[in-house]
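The sequence lines fix the lettering, A, B, ..., with proteins before strands; numbering per chain opens at 1. Since the model is a prediction, treat every value here as computed from it, not as a measurement. Computation of the quantities below employed the complete heavy-atom set of this structure, encompassing side-chain atoms and omitting hydrogens, waters and symmetry-equivalent molecules.
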Amino acid sequence: MTYFPEEVVEHIFDFLSSHRDRNIVSTVCKAWYRVERLSRRSVFVGNCYAVRPGRVMARFPGTKCLSVKGKPHFADFNLVPHDWGGFALPWIEAAARGCPGLEELRLKRMVVSDESLELLARSFPNFKALVLVSCEGFSTDGLAAIATHCRGLRELDLQENEVEDHGRQWLSCFPDSCTSLESLNFACLKGEVNAGALERLVARCVNLRSLKLNRAISVESLARILVRTPHLVELGTGSFTVEHRAEAYQRLIHAFRKCKSLKSLSGFWDVAPRCLQSIYSICPNLTVLNLSYAPAIQGADLVKLIRHCFKLQKLWVLDCIGDKGLAVVASTCKELQELRVFPSDIYGTGTAAVTEEGLVAISSGCSKLNSLLYFCHQMTNAALITVAKNCPHFTRFRLCILDPGKPDPDTNQPLDEGFGAIVRSCNDLRRLSLSGLLTDTVFLYIGEYAARLEMLSIAFAGDSDKGMVYVLNGCKNLRKLEIRDSPFGDAALLENVGKYETMRSLWMSSCDVTLGGCKALAAKMPRLNVEVINDRVESDEMEENPSDMHKVEKMYVYRTLAGARNDAPEFVDIL
Amino acid sequence: MSPPLEHDYLGLSELPSSPATAVEEGVLTLSATELRLGLPGSETTDRKDKVGLTLKLLPLPKSFVSGAKRGFSDAIDGAGQWRFAAGEGGSEVDLGKGGGLFSPRGEMAGGGTGKPSGQGNAGKDTAVNAAGQEMKAVARVAGSVGHDRAMAPAAKAQVVGWPPIRSYRKNTMATNPSKSKDDADGNQGLGCLYVKVSMDGAPYLRKVDLKMYDNYKELSSALEKMFSCFTIGPCGSHGIPNSDGLSESHLMDLLNGSEYVLTYEDKDGDWMLVGDVPWEMFTDTCRRLRIMKGSDAIGLAPRAMEKCKNWN
């Protein structure tokens with residue numbers, strides 16, 4: 001192979017789309033390393049602190065698409081203090097210097113300032129797509145800069161970010177010459193936007209296929225927009241508050257009928273059940289439906305709607321659909337691949353909305369199901385065993401029983417056997433989240449059977465260090481392990497230290513790991529950053545030099561080539 | 001695994017039910033209702049038996065004071081300040097109506113029915129008081145250390161970061177309560193939204209429930225009635241332009257003829273002119289209202305004018 005001209009090798013590498021494959025071929029020999037690095041167009045950095053931004057740009061000068069992830073996953077649930085880190089600016093600065101041809105930037109769980117957005121807007125003449133997921137730190141001023149300066153922008157996708165509202169002018173900053181938008185998602189913005197500017201923008205962007213509005217957009221405005229965008233494929237509605245007899249509602253129904261290409265629907269904040277009828281005409285074409293922000297729709301109305309959606313592949317819904325509603329989904333949506341059922345009543349004062357029955361019904365009706373996120377009040381081993389038998393194709397299985405440590409209500413047993421059946425049956429399982437009462441046994445099963453597992457989330461589970469050790473020794477493809485409130489201590493942490501260099505990261509909070517254990521790990525493995533995160537409240541009261549016996553509240557360990565980071569706040573100790 | 005222990009925990013039947021309804025049922029049948037409370041220091045069963053049914057109060061462990069937060073895991077594993085254990089250790093106290101203090105964790109053992117505890121059956125009232133005071137004491141300390149994970153004796157113990165739902169979703173759902181729930185429960189929790197209303201020059205403030213009104217017109221007439229006694233005669237208008245965009249806000253029309261302007265403080269602490277945003281958004285973000293003298297509102301007026309200019 002090395003006797004082929006480089007152009008041929010490069011052409012062959014073009015067929016390698018996955019990052020992992022490209023990473024592997026680059027290790028074959030120096031020549032391949034060189035060809036690969038100059039031809040790589042899409043770079044993925046799973047942990048922004050694993051490598052310095054400058055190094056990435058130097059190695060891959062032809063980068064067109066850059067994806068970077070910042071905070072650990074548990075930051076989603078407020079377990080990571082607010083200013084822990086994950087800043088986007090160094091990455092944007094490095095890209096501006098090293099890869100000015102950058103076209104796409106995807107950031108997840110990072111702190112993005114208005115300053116960095118302004119720099120982004122001015123530094124890349126070919127910039128086409130910005131996707132921010134679960135980020136924070138910016139305001140509509142930063143968005144205004146993007147709108148103003150990014151000529152030829154195709155995609156602006158803001159998913160579940162915390163955005164400060166500094167006024168609605170940002171949307172008006174898209175110049176009249178901007179006609180290139182294909183995807184615009186500002187659903188997470190809380191403030192108003194200039195409705196007239198929006199309507200004109202969507203009218204002139206003839207290639208617009210995905211539009212997700214925020215709650216401030218009225219039904220009247222939505223109707224006007226839809227009239228101008230009949231080719232939309234994905235739509236996130238704004239607020240759906242409308243009197244169903246109103247003229248605006250009639251116009252909306254009419255507009256929906258014209259949108260023959262719509263395949264994906266979301267939004268529906270504030271929707272009244274009656275107004276759902278307006279989308280019945282679209283339902284037979286829908287492949288994606290997200291009703292998880294519409295608590296006013298109870299089971300019966302949801303069911304009426306879903307009976308029309310027989311092509312559905314992805315459904316996100318609240319648990320008010322109930323077990324009976326899930327049975328209807330099972331009998332209607334035979335193409336279903338992904339299901340997410342969120343709790344509508346988080347602190348559990350209402351009646352149990354979905355139980356194991358709903359899940360069993362789904363599994364028997366939807367054999368193509370491969371991705372599940374299911375919040376419920378209870379689960380049984382028998383149900384899980386049935387689900388495992390019915391759906392052996394799970395790649396993502398996340399079950400959250402709302403009451404931590406709750407056993408099987410029929411038998412009072414832990415749920416070890418149920419989850420064991422899942423890992424035994426689903427050979428392609430890549431992601432697993434556990435809940436309910438669990439002993440070390442479940443980890444024995446996971447270590448033994450979950451060969452392809454890459455991400456494991458553990459909460460309130462296990463009896464002893466053995467549990468964690470089973471996982472570390474068993475799951476050879478494990479990349480991310482996150483554990484909270486489980487009795488794993490130093491012995492488990494230090495049992496297989498080499499493992500952590502094969503993983504992206506390890507998170508442990510409220511476990512039995514001590515400061516001494518963390519220090520020992522840091523000493524043994526210099527290419528890991530062992531971060532001890534002290535909660536603010538605690539650190540005020542903590543003594544100057546806590547003893548090594550002191551239990552560590554939060555620990556985050558990750559492999560890195562960059563050494564200790566220099567932007568850590570004072571409450572983070574990098575050992 | 002040891003055979004399931006029979007426990008009557010707040011009179012739960014075999015069928016699983018949510019904690020709250022269980023509590024309600026529990027209060028009804030006296031003999032079946034038992035929240036057995038172990039006194040501090042009493043022994044608990046082994047950790048494996050996680051069918052947590054008895055609540056034991058322990059003296060505050062040192063770790064609590066030193067600031068190491070244990071929270072829920074200790075509750076289960078018995079190393080922390082609260083413990084749930086299927087316990088018969090020590091003296092037990094019948095707690096009839098105390099059911100509201102803790103949610104039952106774990107489920108009833110199959111087929112278990114009333115098994116009244118014969119021991120330690122002190123007078124129920126005194127028992128309740130004693131337990132109540134103990135719990136209050138611990139809760140106070142818990143509160144003072146400022147740990148949001150220390151478990152307060154609420155109907156459901158709340159743990160940080162649990163259930164694992166993104167804060168974005170939690171926040172969005174919090175401002176979007178289920179309408180039907182509100183109808184059923186009346187003014188429960190998110191059902192009412194009292195905000196203070198101050199008026200410049202008035203000797204005292206008032207409070208209004210924003211949920212009582214459906215639009216700006218109703219709010220403005222209510223406020224007008226409330227504060228009519230304070231209005232000091234008619235005054236010239238201050239030329240605040242009134243465009244179509246403000247038609248929702250009759251309050252603006254009303255106050256155009258007087259020297260007053262209605263403003264509100266939003267979630268971010270900024271003072272805004274009432275009437276700009278849709279009603280629902282206004283009720284979500286409004287923290288307090290202020291009826292401001294027109295002369296003080298000069299700073300706000302340009303925004304209104306700018307807004308009208310940019311409207312189309």
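To the nearest 0.5 angstrom, A:Trp269 atom CH2 is 7.5 Å from B:Thr172 atom OG1. Atoms CE and CG, from B:Met281 and A:Asn214 in turn, are 6.5 Å apart once rounded to the nearest 0.5 Å. Taking CZ from A:Phe342 and NZ from B:Lys170, the interatomic distance works out to 13.0 Å, rounded to the nearest 0.5 Å. In this structure, A:Gln159 CD and B:Arg166 CZ are separated by 8.0 Å, a value rounded to the nearest 0.5 Å. The CG atom of B:Asp270 sits 8.5 Å away from atom NE2 of A:His166, with the distance rounded to the nearest 0.5 Å.
Neither the backbone nor the side chain of A:Ala197 has a heavy atom closer than 4.5 Å to any heavy atom of chain B. Residue contact with chain B, scored on non-hydrogen atoms closer than 4.5 Å, involves the side chain of A:Ser134 exclusively. There is no contact between A:Asp165 and chain B, counting heavy-atom distances below 4.5 Å. Contacts between A:Leu373 and chain B at a heavy-atom distance below 4.5 Å are absent for every atom of the residue. In this structure, no portion of A:Phe74 lies under 4.5 Å from any heavy atom of chain B.
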Would B:Val160 and A:Phe77 count as a side chain to side chain contact (heavy atoms under 4.5 Å, CB included) if you check the C-alpha gap in whole Å, the side-chain angles of each, and the deciding distance to 0.1 Å? CA-CA 8 Å; B:Val160 160; A:Phe77 318 131; over 6 Å; no

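Nearest approach of A:Cys188 to B:Tyr168, heavy atoms of both residues: CA-OH, 3.4 Å. The minimum heavy-atom distance linking B:Val159 with A:Arg484 is given by the pair CG1-NH2, 3.3 Å.
For the pair A:Arg398 and B:Pro164, the minimum side-chain heavy-atom distance is 4.5 Å or more.
A cation-pi contact, defined as under 6.0 Å to the ring centre and within 45° of the axis, links B:Arg169 to A:Tyr293.
Judged by distance alone, with hydrogens and angles left aside, the side-chain atoms of B:Trp162 form a donor-acceptor pair with the main-chain N or O of A:Leu402 at under 3.5 Å.
The greatest number of non-hydrogen atom pairs below 4.5 Å with chain B, out of A:Glu160, A:Glu162, A:Lys190, is found for A:Glu160.
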